[in-house]
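Model, not experiment: these values are computed from the prediction. Within every chain, numbering begins at 1; the chains are lettered A, B, ... in the order of the sequence lines, protein sequences first and strands thereafter.
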Amino acid sequence: MAQKTIAGVNLEVTEDGYLENPSLWTEEIAKEIAKEEGIELTEKHFEVIKFIRENAEAGLTIRKVGKSGIVDIKGFYDLFPGGPLKISTKIAGIKKPASCV
Amino acid sequence: MTEKKDTQVKKVAIICAKASLEDVYAALVMANGAVMEGMEAKVFFTFFGLDAITKKQMNKLHTATLGNPGMRMPGGLPFPSLLGTIPGVEAGVSAMMRSQMEKLDIPPVDEFLDMITAGGGEIYACKLAVDMFKLKKEDLSDHVIDIITIGDFYAMAGGEGSQVIFT
């Protein structure tokens, strides 16, 4: 486990940069993690992030996000290029999902 | 920590030559998993594997109830081979497998192809097998980019960190 200061807050993060405590997440933190991933967050991003945070417990898949009514799968890949599920969950401040779909 | 010197996998070229539910899904899960991780994925369907991209067959794939040593009854008891010979049993078992997968959010084959291609994965059909089974481009899923030879496929499979996988 490592310590990292994100948006002025000292946070515990996993080895690959996921927040240990999702309840400490703020939109400012999201923006800073996104910047590290090379993504400028738009309102659409935040809609997806909201859905992801709300469904974190139920287990997330790309398919589920695609059926959210917010984005389709292609749109999800476009918003978070290079690994939508792992990148969006990192920005959303939740645990890295253990999903193969 | 020891220093890792592994070259990261950046691209997978997957060849699927069989039509059984498990072989096709292995190929699809690997391809989808690759694009999900930001890797390139190309899948080449050949011989009976063509069923997975043939419109008429793709959502009706079966798992073998005969000659399948992994086959067990619900609850774990051995699955008697003779049972597998009864008409309808294989279809029933296959339908059950599909519904179990649906519960894990694993989609039917056509939707799985939608997901893979939405992520940038590419689907190809083998020319030799298409000719052999007398299929036409219009018999195949719209996601099939092209009908190509294995040589064409190998030509796309190169590059640092690329792997060829056969299921």
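Applying the 6.0 Å contact sphere to CD of E138(B) captures more than 12 heavy atoms from other residues, nucleotides or ligands. Residue-environment remark: NZ (K35(A)) stays at or below the threshold of 12 foreign heavy atoms within 6.0 Å. No more than 12 heavy atoms of other residues, nucleotides or ligands shown are found within 6.0 angstrom of NZ on K95(A). The 12-atom threshold is exceeded at NZ of K44(A), counting heavy atoms of other residues, nucleotides or ligands nearer than 6.0 Å. Sparse packing is recorded around CD of E40(A), with 12 or fewer heavy atoms of other residues, nucleotides or ligands lying under 6.0 Å away.
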Self-check item: Residue pair N32(B), V101(A): steps toward the side-chain contact (heavy atoms from CB on, under 4.5 Å) verdict
Solution: CA-CA 7 Å; N32(B) 185 62; V101(A) 283; 4.1 Å; yes
Self-check item: Stepwise side-chain contact (heavy atoms from CB on, under 4.5 Å) check, M115(B) with Y77(A)
Solution: CA-CA 10 Å; M115(B) 284 171 62; Y77(A) 273 94; over 6 Å; no
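With values rounded to the nearest 0.5 angstrom, S99(A) atom OG is found 9.0 Å from I106(B) atom CD1. Summarising the geometry, atom SG belonging to C100(A) is positioned 11.5 Å from atom CE belonging to M30(B); distances are rounded to the nearest 0.5 Å.
Contact check for M36(B) versus K86(A): no side-chain heavy atoms found under the 4.5 Å cut-off.
With a threshold of 4.5 angstrom between heavy atoms, L28(B) does not approach chain A through any atom at all.
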